[in-house]
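Only heavy atoms go into these numbers, but all of them, side chains included; no hydrogens, no water, no symmetry mates. Note that the coordinates shown come from a computational prediction; the quantities given were computed from them, not determined experimentally. Reminder, nothing fancy here: chain letters follow the sequence lines and each chain counts from 1.
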2 protein chains.
Amino acid sequence: MKSEYMSYDEFLINIKKGIVTEDGNCPVTPLLIMLQGRWKSRLMYEMCMYETVRFGQLKKDLPGITNTMLTKALRELEQDGLISRKQFNEIPPHVEYSLTEMGRDLLPVFYAIMNWGYQHEEELYRSKETG
Amino acid sequence: MKSEYMSYDEFLINIKKGIVTEDGNCPVTPLLIMLQGRWKSRLMYEMCMYETVRFGQLKKDLPGITNTMLTKALRELEQDGLISRKQFNEIPPHVEYSLTEMGRDLLPVFYAIMNWGYQHEEELYRSKETG
DNA sequence: TCTCATGGTATAAATTTTGTACCATATATA
DNA sequence: TATATATGGTACAAAATTTATACCATGAGA
């Protein structure tokens, strides 16, 4: 796991006052904004499963996503520095997407989410059943 | 921090094969789906700052959100079991929202996000400057 | 000649989100 | 008496986002 900037206990105390960086910015909100929208957070999670991955594979991994939205999400995440795009001008041409260091550093976040998911597996399963 | 269901090292190994629960479900995706949309993840983060909080306060905390969307997000998060709503039939009436246990258990997730935010503060600041 | 594979784009339709106005009630103020 | 304030919203049309569908260029292989 990566270095911690504040212990979890400090975090629990400080969150009530609002957490800000030295510059007065929120360290939590930027990511939440970057991953807004229907697909981006799931796309980032899928990308964690590969070193490099292609458009077609990602499309299979995210059932229901359209070319338009996959393209848009990839472009915006690239713009935000979370993924990188490498184009191979062969025939047929192909493109490889991969996480940047900044993107790969999201692994601890998905790890925390996974633990939450295991912890609440039953409730999640129930609400899925009952709708 | 809460009990862990898999060490971080195991997580890094297993994520490449895809992580599933005993029932074959993904422990990560449900939360990502619950927090889809423009406001829900930020709303949950704001709610972490309070024991109980009212509609009007949340509206101040999320500049730009409309009554319609705040209402919709609160209803859906309540439906998903992340928050609870308590209505006081006084005059003027008021309503108190709070996190359920399941909602409060998201704190480690926001802690991980915070650490990511501190770690990449400079890059985030730069991209904010340059647009 | 026809099909397949690649990683998309173009366009209109459907859905989600926003902007604006408004509701009921009691109290406090002018 | 009339008006403003506070609460937590709802109703409706407009704007923005997302989806569905069709299509593009290229070369290889049947």
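Atom-to-atom, CH2 of B/W39 to C1' of D/dA16 comes out at 14 Å; the value is rounded to the nearest Å. The separation between B/K60 atom NZ and D/dT7 atom C1' is 12 Å, rounded to whole Å. Straight-line distance from the CD atom of B/E78 to the C1' atom of D/dG9: 14 Å, rounded to whole Å. Per the geometry, CD belonging to A/Q36 stands 16 Å off P belonging to C/dT16, to the nearest Å. As rounded to whole Å, 16 Å separates atom C1' of C/dA26 from atom NE2 of B/H94. Remark: C1' of D/dG8 and CD of B/Q57 are 14 Å apart, rounded to the nearest angstrom. For A/E90 and D/dG27, the CD to P distance is 14 Å, given to the nearest whole Å. Distance CG (B/N67) to C1' (C/dA21): 11 Å, rounded to an integer number of Å.
With respect to B/I113, the side chain to side chain contact (heavy atoms under 4.5 Å, CB included) criterion is satisfied by exactly one of A/L35, A/L31, A/T29: A/L31. Just one residue in the list B/T100, B/L99, B/L43 forms a side chain to side chain contact (heavy atoms under 4.5 Å, CB included) with B/L77, and that residue is B/L43.
Between A/P92 and A/T66, it is A/T66 whose nearest contact on DNA chain D lies nearer the 5' terminus. In terms of position along DNA chain C, the nucleotide closest to A/P93 lies nearer the 5' end than the nucleotide closest to the other residue of the pair A/P93 and A/T71.
If you check C/dG8, C/dT17, C/dG19 against the side chain of A/Y97, the one that comes closest is C/dG8. Ranking C/dG7, C/dG19, D/dT7 by closeness to the A/F55 side chain, first place goes to C/dG7. Of the candidates D/dG8, C/dT9, D/dT19, C/dT9 carries the atom nearest the A/R75 side chain, counting heavy atoms from C-beta on. In this structure, the nucleotide among C/dG7, D/dT7, C/dA10 sitting nearest to the side chain of A/V95 is C/dG7. Listed nucleotides C/dT18, D/dT7, C/dG8 differ in distance to B/M69; the shortest reach to its side chain belongs to C/dT18. Of all nucleotides listed (D/dG27, C/dG8, D/dG8), D/dG27 comes nearest to the side chain of A/I91.
In summary, B/E76 and B/K72 engage in a salt bridge, as defined by a charged side-chain N under 4.0 Å from a carboxylate O. A salt bridge does not link B/R54 to B/E96: none of the charged nitrogens lies less than 4.0 Å from a carboxylate oxygen.
As judged by a 4.0 angstrom heavy-atom cut-off over every strand, A/F88 is placed among residues making no nucleic acid contact.
Residue A/P27 comes nearest to B/M114 through the heavy atom pair CG-CG, 3.7 Å, listed as atom of the first residue, atom of the second, then distance.
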